[in-house]
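Bear in mind the structure is a predicted one, so any value in this text is a computation, not a measurement.
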Amino acid sequence: MTTSSVTIRGYRPADRAALHEICIRTGHVGEDATEHFREPAILPAIFAEPYAELEPELVFVADDGERVLGYIVGTADSTRFFAEFRERWLPTVADRFPVPAGEPADADEHLRHLLHHAELMLVPEIAAEYPAHLHIDLLPPGQGRGLGRRLMTTFLDALRARGVPGVHLGMSPANTRARAFYDRVGFTPLRQVDPTHHLGLRLS
């Protein structure tokens with residue numbers, strides 16, 4: 001199948017299950033997270049599904065006509081997004097993934113803590129200059145075909161159309177393949193404090 005046979009299109013509600021699956025299957029440093037968490041479904045509950053719920057117009061998918069191979073999700077305004085995450089999204093999933101009692105003891109509890117305190121992902125000094133942020137994931141059959149660049153271009157064009165001055169992302173430094181991709185599309189380091197490195201791209 002050629003790259004040109006894959007369509008980059010806007011999100012549809014029927015894509016929700018694909019976002020859920022892809023987020024899990026790429027959720028461990030770009031690899032399948034299924035065996036790394038007791039409840040891998042918490043990954044899309046933090047990093048994919050709230051974007052489809054809160055800002056679906058900035059969710060785009062790569063569709064080969066049979067299935068969705070990947071997606072890009074994000075927001076034009078990170079400060080507003082995390083406020084809406086707490087007010088509108090968290091109540092819909094809080095009972096399914098309750099906040100840990102005490103300090104998080106393992107990876108699952110760290111994620112549940114993050115779900116209930118998603119604003120911890122907001123770095124105000126970064127959001128002031130790079131207010132948008134994104135997450136992008138592709139299944140193995142969609143990788144190495146230029147689809148990541150096409151998804152990114154579509155998303156960035158949508159941000160520019162809204163007059164957004166900059167976009168950032170957070171990533172694990174262990175995901176060297178993703179870092180090489182971000183470097184190629186023009187992102188530069190902003191803040192590198194383990195376990196999350198932040199990169200940014202000016203749009204205007």
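- Looking only at atom types and distance, the side chain of T34 has a donor-acceptor partner in the side chain of D32 under 3.5 Å away.
- To the nearest 0.5 angstrom, R80 atom CZ is 11.5 Å from E87 atom CD.
- For the pair R149 (side chain) and R145 (backbone), a donor-acceptor distance under 3.5 Å is absent.
- Between D194 atom CG and H197 atom NE2 the span is 4.0 Å, to the nearest 0.5 Å.
- The environment of CD in E57 is crowded: more than 12 heavy-atom neighbours from other residues, nucleotides or ligands sit within 6.0 Å.
- Side chain of R202 to backbone of G166: no donor-acceptor contact under 3.5 angstrom is found.
- Residues H133 and Y51 have side chains that bring a donor and an acceptor to within less than 3.5 angstrom of each other.
- In this structure, CG on D15 lies 12.0 Å from OH on Y71, to the nearest 0.5 angstrom.
- Atom OG1 in T26 sits 8.5 Å away from atom CG in L138 (nearest 0.5 Å).
- Counted within 6.0 Å of CD on Q192, heavy atoms from surrounding residues, nucleotides or ligands total more than 12; the atom is thus considered enclosed.
- Note on E31 versus R177: salt bridge recorded, some NZ/NE/NH1/NH2 to OD/OE distance being below 4.0 Å.
- Remark: R38 engages D106 in a salt bridge, criterion side-chain N to carboxylate O under 4.0 Å.
- In this structure, a donor-acceptor pair under 3.5 Å is present between the side chains of E49 and H20.
- Interatomic distance, CG of L169 versus NE2 of H198, reported as 8.0 Å (0.5 Å rounding).
- For R9 and F60, the positive end is not near the middle of the six-membered ring at less than 6.0 Å and at most 45° from its axis.
- Judged purely by atom type and a 3.5 angstrom limit, W89 uses its side chain to pair as donor or acceptor with the backbone of A45.
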